[in-house]
Number of protein chains: 2
Amino acid sequence: MEPRVRFNARIEGVEYDLLDELIGYAVRRAQLSIYEDFAATMEADEITPQRFSSLVIVENNPGISQSRLAEVMGIARSGVVAIIDGFEKAGLMERRASGDRRSYSLLLTQAGTRLLKRYKRAVKEHDERISAGLTLTEKAQLRRLLSKLGTA
Amino acid sequence: MEPRVRFNARIEGVEYDLLDELIGYAVRRAQLSIYEDFAATMEADEITPQRFSSLVIVENNPGISQSRLAEVMGIARSGVVAIIDGFEKAGLMERRASGDRRSYSLLLTQAGTRLLKRYKRAVKEHDERISAGLTLTEKAQLRRLLSKLGTA
DNA sequence: TATTGTTATACTCTATAACTATA
DNA sequence: TATAGTTATAGAGTATAACAATA
């Protein structure tokens, strides 16, 4: 059997050269490591970072439209359709009529709210685990520095 | 026509709640913004962060095997086959016989070395652009903090 | 027996374009 | 004319499993 593929940020004896100097690669490295822990944490549940974010956004912006959600997530509107379809089928989200008959108001159902509560606890634990090497001050500093990245 | 999908790390008037507190989401946000700039920078070339990394790793670890490269990249061996096929077809990389007849020694061709030189310049510029809001000290700090993330 | 590269296959994510119903 | 949601479709990227050659 094939060993499960795992990302190791730095392999012994391998020269990374320029990659070690790039901020972009440092972020990518961290992101891959974090994703692995997220996936392992939520393995039993059918939830991804993307879907988790969607639930949180809808909970905190009740009545948001699919187009708006697509904008927040940075994906095409067609992608949101599939995500909401899945949530609706699972009974976690509801497409309710909005004033504008072209669009829906997205809302969490009771079951959705309840499940998200559990997800949030798990994700918080995961986040504390992956950032356990940092002090509170360092975490704040890291968030601050990360928020400054990207094309201005 | 559909407006091109772009990721905006923080949309006006949207509540992000927990997401604003998670280190994982901060990294994800940064990663998406960085990727957008990378893609825009390298638009004319058929190169992705993944493929660029492969070229750099092979250049600095000449003779590396596909399995080893897969390990470094954190992807399955089958995925590396397609990547190397593409590079070989483009004349950028060479599969040379190694001592072990089961495996290949990967090497950049002259053309590969030349092209990578250009890519490196472009990627460096991109990296400086996305991190232009940080001082040198802050960049070093960010790299240090990021390297501490992930399951210990 | 184990490892390397390969192929076949499938699944997820995403985009684009065209459609409909509404505005 | 423009916008919201939808569908159809296609292209990456990735994984798993099985295989042949070799160790």
Side-chain angles (χ1 to χ4, degrees), chain A residues 1-7 28 31-32 35-36 38-40 42-43 45-54 58 63-89 93-107, chain B residues 1-7 28 31-32 35-36 38-40 42-43 45-54 58 63-89 93-107:
Chain A
M1 239 257 287
E2 195 81 28
R4 206 183 153 338
V5 174
R6 271 192 52 75
F7 176 71
R28 184 179 154 79
Q31 215 272 320
L32 288 170
Y35 177 74
E36 291 226 338
F38 184 99
M42 309 306 272
E43 200 176 18
D45 304 283
E46 286 193 350
I47 193 81
T48 59
Q50 180 84 271
R51 279 198 265 270
F52 174 72
S53 303
S54 302
V58 171
I64 194 173
S65 71
Q66 294 186 189
S67 290
R68 182 79 162 159
L69 182 58
E71 195 190 351
V72 176
M73 311 296 294
I75 63 175
R77 288 175 301 146
S78 57
V80 170
V81 174
I83 294 176
I84 308 299
D85 281 355
F87 283 143
E88 213 173 40
K89 197 171 300 181
M93 215 179 265
E94 187 191 344
R95 284 175 165 108
R96 194 174 295 179
S98 74
D100 187 332
R101 280 163 63 198
R102 287 172 304 182
S103 72
Y104 293 119
S105 279
L106 299 178
L107 293 166
Chain B
M1 236 255 289
E2 196 81 30
R4 207 186 152 332
V5 174
R6 270 191 52 77
F7 176 71
R28 183 180 155 80
Q31 215 272 319
L32 289 169
Y35 177 74
E36 290 226 338
F38 184 99
M42 310 305 272
E43 200 175 18
D45 303 284
E46 287 192 349
I47 193 80
T48 60
Q50 181 84 274
R51 280 199 264 271
F52 174 73
S53 302
S54 302
V58 171
I64 193 173
S65 70
Q66 293 185 190
S67 289
R68 181 82 161 157
L69 183 58
E71 195 190 350
V72 175
M73 310 297 293
I75 62 174
R77 289 175 299 146
S78 56
V80 170
V81 174
I83 295 176
I84 308 301
D85 282 355
F87 283 142
E88 212 173 42
K89 199 171 297 181
M93 216 179 264
E94 186 192 343
R95 284 176 165 107
R96 194 175 293 180
S98 72
D100 186 333
R101 282 163 64 199
R102 287 172 304 184
S103 73
Y104 293 119
S105 279
L106 298 178
L107 292 166

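To find a chain, count down the sequence lines: A is the first, B the second, and so on, and within it residues start at 1.
The CZ-C1' distance, from B/R6 to C/dA15, rounds to 16 Å in whole Å. Distance, B/F52 CZ to D/dG13 C1': 20 Å, rounded to whole Å. Distance, B/L32 CG to C/dC13 P: 14 Å, rounded to whole Å. A straight line from CZ of B/F7 to P of C/dT14 spans 12 Å, rounded to a whole angstrom. Computed from coordinates, the A/Y35 OH to D/dT14 C1' distance equals 10 Å when rounded to whole Å. In this entry the distance linking CD1 of B/I83 with P of C/dT7 reads 15 Å, nearest Å. When rounded to the nearest whole Å, the span between CE of B/M73 and C1' of D/dA15 equals 16 Å. When the P atom of C/dT14 is taken as reference, atom CG of A/L69 falls 12 Å away, rounded to whole Å.
Considering only residues two or more places apart in sequence or on other chains, A/F38 meets the ring pair (Phe, Tyr, Trp, His ring centres under 6.0 Å) condition with A/H126. Evaluation of the salt bridge (charged side-chain N to carboxylate O under 4.0 Å, His left out) rule for A/R51 yields no partner, not counting sequence neighbours. Judged as a side-chain contact (heavy atoms from CB on, under 4.5 Å), and not counting sequence neighbours, the contacts of B/Q50 are A/R28, B/T48, B/M73, B/I75, B/I83. Taking the side chain to side chain donor-acceptor pair (under 3.5 Å) definition, one finds that B/S65 meets it with nothing, sequence neighbours left out. Judged as a ring pair (Phe, Tyr, Trp, His ring centres under 6.0 Å), and not counting sequence neighbours, A/F87 has no contacts. Take A/A76 and apply the side-chain contact (heavy atoms from CB on, under 4.5 Å) test, not counting sequence neighbours, and it matches A/S78, B/V5. Taking the side-chain contact (heavy atoms from CB on, under 4.5 Å) definition, one finds that A/Q66 meets it with A/V80, A/V81, A/I84, A/R95, A/Y104, A/L106, sequence neighbours left out.
Here the CD1 atom belonging to A/I47 is positioned 8.5 Å from the OG atom belonging to A/S53, to the nearest 0.5 angstrom.
Minimum atom distance to the side chain of A/Y104 is reached by D/dG5, of the listed C/dG5, D/dG5, C/dT16. Distance from the side chain of A/R51 is smallest to C/dC13 among D/dT14, D/dA17, C/dC13. Among the nucleotides C/dA17, D/dA15, D/dG5, the one closest to any side-chain atom of A/V5 is D/dA15.
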Can you build the contact string for nucleotides 18-23 of chain C? Use B for base contact, S for sugar-phosphate-only contact, and - for no protein heavy atom under 4.0 Å. ----BS
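For B/M93 against B/L107, the heavy-atom pair with the smallest separation is CG-O, 3.2 Å.
Here B/S65 lies in heavy-atom contact (under 4.0 Å) with sugar-phosphate atoms only. As judged by a 4.0 angstrom heavy-atom cut-off over every strand, A/T48 is placed among residues touching the sugar-phosphate backbone only. At a threshold of 4.0 angstrom between heavy atoms, the contacts of B/R95 are confined to the sugar-phosphate backbone, with no base atom among them.
Here the side chain of B/E36 pairs a donor or acceptor atom with the backbone of B/F7 at under 3.5 angstrom.
At the phosphate of C/dT6, OP1 or OP2 sits under 4.0 Å from a side-chain N or O atom of B/Q66. Side-chain N/O atoms of A/Q50 include one lying less than 4.0 angstrom from OP1 or OP2 on C/dT14.
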So which protein nitrogen or oxygen atoms get under 3.5 Å of nucleotides 9-11 of chain C's nitrogens or oxygens?
none

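With hydrogens and angles left out, the side chain of A/S78 and the base of C/dT14 share no donor-acceptor pair within 3.5 Å.
Along DNA chain D, the nucleotide closest to A/D85 and the one closest to A/S103 are compared, and the more 5′ of them pairs with A/S103.
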